[in-house]
S.K.: 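Got a structure for you, questions after.
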Amino acid sequence: MSHHLRQGLRAFVLSVALGALCVVGAGAASLGTGTVTADALRLRSQANTTSSILTMVNAGTQADVLSREENGWYKVSYKGTEGYMSAEYVAVEWTVPAKGKVNAQGATLNVRSGPGTGYQRIDALSDGATVDILELTEGWYHIQLGELKGYVSADYLLPAEETPAPTPAPKVAIQTSPVAANAPTPQADQAVPLSEEPTLPPEALDTTSTKGQEVVDFANTLLGSPYVYGASGPNSFDCSGFVYYVFRHFDVTLNRGATGQLSNGTAIERSQLQPGDLVFFFDGKVSTPVSHVGVYIGDDQFIHASTNSYEVVVSSMAGGNTYDRNYVYARRIFE
């Protein structure tokens, strides 16, 4: 083989290899490994229940999670096929944090329209700002802060530090109906006829439940325990797993899952809340009636396994904050 032919062949092989590398590098990197928790889960072409089904995935099957979608879905890669799975049925071991904190040494961090310095600068983040991380692409994070979406260099974004529980805000007028205006109507297959259930009469609520206070006291011993999706104790919890574990300590077996726990106990109005009652929230991002659950402890506060601080914390649900706005239901377990 001539010298020129060998050079040409080497150049051709190198160009093919570089081209393949560019194709691989252009995709989003894995944020973590997801494990299917349902008996069988549909992998869909889009992040909704009406899109086409690409394949069925059995329980225990793992897939790479590529991004977190806003409406309760994960974009995943399964055996080379990219699609979407409902986040409700996927337990994820994250390798990329859900939230990041800007570390720009006192400067601002540019937000760009794409993953690279060649893309247009669309905004800037102040040092210390905390953002949601949606995906990782070629060393750039796709982030969201309120209505702002864009890309920032991963070199200047650190995992968000755990934040202390907020100080309770002054009490304000609160709704008295157990069903908030922003709560979705339960689907027929969820069988949660909340509006038809009787609420406890006010005369039955004059004294604080001793058992409910015992529940709160035990729950407080778990403060600081880490949040882990799908965990129900004894060392880590997700939101419904925390509630499940606390009540199991008192020989009460609740359903597993926030939506399932809606059918436990008796519906009460918000104005009737006592320590030990369950409080439910809906953030508008999932297809289920609720997205979060915790245990009410009194004074417009509740204890829960938080997806914001990634540990068991006490949070306020007053003053118009997120939990105050997202509150939808309450249930009493001990009557």
Side-chain angles (χ1 to χ4, degrees), residues 164-169 171 174 178 180 183 192 194 199-200 205 207-283 288-319 321-335:
T167 302
K171 293 185 179 180
I174 56 179
V192 188
L194 294 170
T199 58
L200 297 182
L205 305 170
T207 59
T208 301
S209 167
T210 301
K211 183 63 72 174
Q213 187 58 51
E214 291 177 10
V215 168
V216 171
D217 292 341
F218 176 70
N220 282 333
T221 67
L222 303 172
L223 283 168
S225 299
Y227 176 97
V228 175
Y229 183 86
S232 55
N235 300 314
S236 58
F237 310 90
D238 64 11
C239 68
S240 61
F242 172 71
V243 172
Y244 177 89
Y245 181 82
V246 168
F247 279 87
R248 278 292 295 157
H249 181 75
F250 297 92
D251 298 321
V252 176
T253 302
L254 302 180
N255 295 329
R256 187 64 174 90
T259 299
Q261 288 169 359
L262 273 174
S263 60
N264 292 130
T266 304
I268 59 172
E269 296 185 357
R270 183 167 179 172
S271 60
Q272 297 173 321
L273 280 169
Q274 290 185 355
D277 291 337
L278 305 189
V279 285
F280 297 86
F281 306 88
F282 177 69
D283 60 9
T288 53
V290 295
S291 56
H292 195 58
V293 63
V295 178
Y296 187 72
I297 66 173
D299 295 325
D300 283 331
Q301 293 183 304
F302 71 109
I303 185 170
H304 61 127
S306 170
T307 55
N308 294 323
S309 59
Y310 290 93
E311 64 178 353
V312 175
V313 298
V314 171
S315 297
S316 169
M317 46 183 284
N321 68 9
T322 299
Y323 293 120
D324 187 17
R325 297 192 306 271
N326 290 350
Y327 167 87
V328 284
Y329 306 120
R331 309 287 292 184
R332 174 150 304 150
I333 305 303
F334 293 114
E335 300 182 17

S.K.: With heavy-atom distances below 4.5 Å as the criterion, would you say the side chains of N308 and V313 are in contact?
M.R.: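 In short, these two side chains do not touch, never coming nearer than 4.5 Å.
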S.K.: Which pair of heavy atoms, one from D283 and one from S291, lies closest together, and at what distance?
M.R.: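 Closest approach of D283 to S291: N-OG, 3.0 Å.
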S.K.: State, to 0.1 Å, how close V295 and V215 come at their nearest heavy-atom pair, and which atoms those are.
M.R.: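 Shortest heavy-atom separation between V295 and V215 comes out as CG1-CG1, 4.1 Å.
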S.K.: Looking only at heavy atoms, what is the nearest atom pair of D299 and Y296, with distance?
M.R.: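 It is N-OH, 3.4 Å.
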S.K.: How long is the gap from OG1 on T307 to NE2 on H292, to the nearest 0.5 Å?
M.R.: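 So the OG1 of T307 and the NE2 of H292 are separated by 6.0 Å.
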S.K.: Would you compute the distance between atom CG of N264 and atom CD1 of I333 and round it to the nearest 0.5 angstrom?
M.R.: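 Those atoms lie 5.0 Å apart.
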S.K.: So which atom in I297 and which in P275 form the shortest heavy-atom distance, rounded to 0.1 Å?
M.R.: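 Minimum heavy-atom separation between I297 and P275: O-CG, 3.8 Å.
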S.K.: Given F281 and F302, is the side-chain contact (heavy atoms from CB on, under 4.5 Å) satisfied, shown in steps?
M.R.: CA-CA 12 Å; F281 306 88; F302 71 109; 3.7 Å; yes
S.K.: So, taking the atom named CZ in F282 and the one named OH in Y327, what distance separates them when rounded to the nearest 0.5 Å?
M.R.: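 OH of Y327 is found 15.5 Å from CZ of F282.
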S.K.: Are Q261 and R331 close enough that some pair of their side-chain heavy atoms sits under 4.5 Å apart?
M.R.: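 Heavy-atom side-chain distance check fails, nothing below 4.5 Å.
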S.K.: Could you check whether any side-chain heavy atom of H304 comes within less than 4.5 Å of a side-chain heavy atom of M317, counting everything from C-beta outward?
M.R.: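 H304 vs M317: side chains apart.
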S.K.: Over all heavy atoms of both residues, which pair between S309 and S306 is shortest? Give the atoms and the distance, please.
M.R.: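 Shortest heavy-atom separation between S309 and S306 comes out as N-OG, 3.2 Å.
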S.K.: Check L262 against V290 and note the closest heavy-atom contact, atom names and distance.
M.R.: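 Between these two residues, the closest heavy atoms are CD1-CG1, 3.9 Å.
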S.K.: To the closest 0.5 Å, what do you measure between CG (L278) and OH (Y329)?
M.R.: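 Those atoms lie 14.0 Å apart.
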S.K.: Side-chain donor-acceptor pairs under 3.5 Å in residues 237-251, sequence neighbours left out?
M.R.:
{"residue": "D238", "atom": "OD1", "partner": "G241", "partner atom": "N", "Å": "2.7"}
{"residue": "D238", "atom": "OD1", "partner": "R256", "partner atom": "NH1", "Å": "3.2"}
{"residue": "D238", "atom": "OD1", "partner": "R256", "partner atom": "NH2", "Å": "3.1"}
{"residue": "D238", "atom": "OD2", "partner": "G230", "partner atom": "N", "Å": "3.0"}
{"residue": "D238", "atom": "OD2", "partner": "R256", "partner atom": "NH2", "Å": "3.3"}
{"residue": "S240", "atom": "OG", "partner": "R256", "partner atom": "NH1", "Å": "2.5"}
{"residue": "S240", "atom": "OG", "partner": "G257", "partner atom": "N", "Å": "3.4"}
{"residue": "R248", "atom": "NH1", "partner": "T253", "partner atom": "OG1", "Å": "2.8"}

S.K.: Check whether any side-chain N or O of N321 sits under 3.5 Å from a backbone N or O of S316 as a donor-acceptor pair, and report yes or no.
M.R.: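 Here the side-chain-to-backbone pair exists.
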S.K.: Under 4.5 Å between any side-chain heavy atoms of N220 and I303, yes or no?
M.R.: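 The answer is yes, as the side chains (C-beta and beyond) meet within the 4.5 Å cut-off.
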S.K.: When rounded to the nearest 0.5 angstrom, what is the spacing between CZ in R270 and CG in D300?
M.R.: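 So the gap between those two atoms works out to 6.0 Å.
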